[in-house]
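Below is one structure, written out as C-alpha cells; the observations come after it.
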Amino acid sequence: MKFSEQIIKWYRYNSRDLPWRKTSDPYLIWISEVVLQQTRVDQGLAYYNRLVERFPNVHLLAAASEDELLKLWQGLGYYTRARNMHAAARKIVSEHGGNFPATYEEIIKLPGIGEYTASAIASFAFNLSHPVVDGNVMRVLSRFLGIDTPINTTEGKKQLSAYAHKFINRENPGEHNQAIMEFGALHCTPRNPLCDKCPLKYECRAFQTDKVNDLPVKLKTRSQQERYFHYLVVRINNASGPEVILRKRSEKGIWKNLYDFPLIEDKAFRSQQQLKETTTWKNMFSLDEIKQMKTSKVYSHQLSHQLIKARFQLIVLSGLSKQFNGYQVVKNKDVHNYPVPRLIDQFMTDYAHWLE
DNA sequence: AATCCGGGGCT
DNA sequence: AGCCCAGGATT
C-alpha cells in the first residue's frame with residue numbers, strides 16, 4: 001500500500017472530531033487555519049468557536065472594528081494574524097464580492113496567508129491538489145525518509161516540500177493533507193512517538209535505523225533577552241468616576257495595536273526616585289498633583305524570544321489637569337473592552353482593586 | 001537567509 | 001528550562 005493510502009487509512013480510524021472538518025466553507029476553514037498557525041488545536045479551539053459565532057461570514061468580519069477582533073483574539077498571541085485576517089476579510093469583500101477566492105494563486109495573495117495556509121484552504125475547501133507542509137508534515141517526512149537536513153532552514157524546507165509534492169494524493173488531496181497532519185499531531189509526535197503500533201514502521205527509515213529520536217534535526221535558536229518594564233498605572237479620580245490612562249502600542253515590536261499603560265523601559269529595575277527623573281515621568285506629572293502611589297509585585301512574562309520583567313506603579317491623581325499626548329484616558333469600567341496583552345490582563349485581574 | 005512575533009503545554 | 005505548536009511578514 002502506498003504512503004498516502006496507509007496514512008488515510010490510519011486517519012479514518014484515529015481522527016479527532018473537530019468543527020472545521022465538518023464544513024467545506026472556505027471562510028470557516030480559513031478562520032481555523034489562521035487560528036491554528038503555530039498554535040495547538042487544544043489552545044485554538046475555543047477561539048475558533050467564539051470567532052465564527054461572532055463572525056459567521058466574511059461580511060460580518062469585514063464590518064467589525066479591529067479593536068473588537070483583537071479583543072476576541074486576546075490571549076492567543078501572534079496578533080499580526082488577527083490584523084491580517086481583518087485586512088483579508090475586507091479585501092475579499094471589496095475585490096471578490098464577498099466570495100472567497102477559489103484558486104491557490106488567488107488565495108495566497110491574501111494577507112496572512114502563506115504557502116501552508118493557501119494549500120490547506122485550497123485542498124480542504126476546493127479539493128485542489130496542493131500539499132501542506134507544516135511542522136507535523138516535516139517531522140513525519142523527515143523520519144519516514146531519514147532526512148537530516150535541518151527543517152528550520154530554507155534548504156530543509158525546500159527539500160521536504162519537494163517530497164510532499166511527490167507524496168500528495170491527487171485523487172484525494174484534502175483528506176491526504178488532513179491525514180498526514182493528524183498523524184504527526186497524534187502519532188508521530190515530537191517526543192515519545194507511537195512507533196510500536198505504527199502502520200509505517202517497516203518502511204520508516206528513522207525507525208529502521210533507530211534514529212526516530214534524532215529526527216527531525218533543528219538548528220538551535222539564539223537565546224532570549226531580558227527586558228524591564230515599569231508600567232505607570234495612572235488613576236484619575238474625577239467627579240464623573242475614576243479613569244485610567246491607556247496607550248495603544250502602534251510602534252513596531254511586540255503587541256502591536258494592543259493596549260497597555262504608559263511605560264518606562266530600562267535595562268534593569270529602577271527606584272521610584274529614578275523613575276521620577278525620567279522624561280516620560282516629567283512629561284506626565286508635576287510632583288504636587290500626585291496624591292498616592294503603590295508598587296505591585298514583580299511579574300515575569302515569558303515570550304518566545306524575550307523575558308519581560310514588569311512592575312506596575314499605581315499613581316493616583318485627584319483630577320485631570322493637562323493633556324496626555326499620545327495616550328487615551330479611559331473610564332475604569334470600560335477598560336475591559338480594550339484588547340490587552342496577557343501580562344496586562346493578569347495584572348488587572350490581580351490588582352482589580354486599583355482600578356475599581 | 002535569518003529574525004521577529006505570543007502564549008501555553010509538555011517533558 | 002527548553003522544545004514545540006495546522007506559519008507569515010519583514011529585514
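Every chain is numbered from 1 and lettered A, B, ... according to where its sequence line falls, protein lines coming before strand lines. These numbers come from a predicted model, not from an experiment. Heavy-atom basis, side chains included; hydrogens, waters and symmetry copies ignored.
- In the region residues 69-77 of chain A, proximity to DNA chain B at under 4.0 angstrom, judged on heavy atoms, holds for A:G75, A:L76, A:G77.
- Across the protein-nucleic acid pair, A:Q159 atom CD and B:dA1 atom P stand 13 Å apart, rounded to whole Å.
- To the nearest angstrom, C1' of B:dG7 lies 17 Å from OH of A:Y299.
- Side-chain nitrogen and oxygen atoms of A:H301 include at least one within less than 4.0 Å of the OP1 or OP2 phosphate oxygen of B:dG7.
- Note: NZ (A:K220) to C1' (B:dA2) measures 18 Å, nearest angstrom.
- Linking ILVMFWY residues whenever their side-chain heavy atoms come closer than 4.5 Å, directly or via other members, places A:Y259 and A:V335 in the same cluster.
- Remark: the separation of the C1' atoms in B:dA1 and C:dC5 is 23 Å, to the nearest Å.
- Between A:F312 and A:Y231, the ring planes lie parallel to each other; the angle is under 30°, not in the 30° to 60° tilted range.
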Protein-proximity profile, nucleotides 4-11 of chain C, B/S/- by nucleotide at the 4.0 Å heavy-atom cutoff, equals BBBBSS-S
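- Rounded to a whole Å, the CD atom of A:Q346 is 9 Å from the P atom of B:dG7.
- Taking A:K91 as the reference, nothing meets the salt bridge (Lys or Arg N to Asp or Glu O under 4.0 Å) condition, with sequence neighbours excluded.
- Ionic pairing of A:D196 and A:K201 is not present here: no N-O contact between side-chain nitrogen and carboxylate oxygen is shorter than 4.0 angstrom.
- Between A:W354 and A:Y351, the two ring planes are tilted [angle within 30° to 60°].
- Between A:Y47 atom OH and B:dG6 atom P there is a gap of 13 Å when expressed in whole angstrom units.
- One atom, CG of A:L307, and another, P of C:dA1, lie 10 Å apart when rounded to the nearest Å.
- Annotation: C:dA6 and B:dC4 have their P atoms spaced 24 Å apart (nearest Å).
- Geometrically, A:K297 engages A:Y299 in a cation-pi contact defined by less than 6.0 Å to the ring centre and at most 45° from the axis.
- In the displayed structure, A:E115 atom CD is contacted under 6.0 Å by at most 12 heavy atoms of other residues, nucleotides or ligands.
- Between A:H305 atom NE2 and B:dA2 atom P there is a gap of 14 Å when expressed in whole angstrom units.
- Remark on DNA chain B: of its neighbouring residues A:L219 and A:Q302, the 5'-side contact belongs to A:L219, judged by nearest-heavy-atom nucleotide.
- Residues A:Y27 and A:I92 form no side-chain contact, since every pair of their non-hydrogen atoms from C-beta on lies 4.5 Å or further apart.
- Taking atom CG of A:N213 as the reference point, atom P of C:dC3 lies 15 Å away to the nearest angstrom.
- Here A:G253 lies in heavy-atom contact (under 4.0 Å) with sugar-phosphate atoms only.
- Taking the six-membered ring where tryptophan is involved, the planes of A:F167 and A:F144 are perpendicular, since the angle between them exceeds 60° and thus also 30°.
- As rounded to the nearest Å, B:dG8 and C:dA9 have P atoms that lie 24 Å from one another.
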